[in-house]
Enquirer: 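Quick one: the structure is below, questions incoming.
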Amino acid sequence: MWDRSAARLPDHPEIRAAERFGVPDEAVPVCPACGEQADVFYLTAFGDILGCDGCIERRDAWDVLAEWEED
């Protein structure tokens, strides 16, 4: 017979935090790139998150290429 007390695994850190501090009323999306709250995520064609409005800068492609050529 398998003894459950011998196979005690620790809870996930988010479960421990919820037990200590409670569960927030509403989940807030947080940008994985900068860690700030975000309303919009920018994704690659493959579905990977690049960032949000706070950490992504929109630049003209010709200007960036010109800057790279100067370096």
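No hydrogens, no waters, no symmetry mates; every other heavy atom, side chains included, goes into these values. This chain uses plain numbering: 1 for the first residue, then up along the sequence.
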Enquirer: Would you list the atom pairs, donor with acceptor, under 3.5 Å between side chains in residues 11-22 and any protein atom, with sequence neighbours excluded?
Expert:
unit_1	atom_1	unit_2	atom_2	d
H12	ND1	E14	N	3.0
R16	NH1	D11	O	2.5

Enquirer: Which donor-acceptor pairs under 3.5 Å do side chains of residues 37-44 form with protein atoms, sequence neighbours excluded?
Expert:
unit_1	atom_1	unit_2	atom_2	d
Y42	OH	D53	OD1	2.5
T44	OG1	F46	N	3.2
T44	OG1	G47	N	3.4
T44	OG1	D48	N	3.2

Enquirer: Looking at A33 and L50, what are the two nearest heavy atoms and their distance?
Expert: CB-O, 3.6 Å
Enquirer: side-chain contact (heavy atoms from CB on, under 4.5 Å) with R59: which residues, sequence neighbours excluded?
Expert: E57, V64, E67
Enquirer: Please write out which residues are connected to V28 in a hydrophobic cluster, directly or through intermediates, given that two of Ile, Leu, Val, Met, Phe, Trp, Tyr count as joined at side-chain heavy-atom separations below 4.5 angstrom.
Expert: none
Enquirer: To the closest 0.5 Å, what do you measure between CD (E36) and SG (C55)?
Expert: 9.0 Å
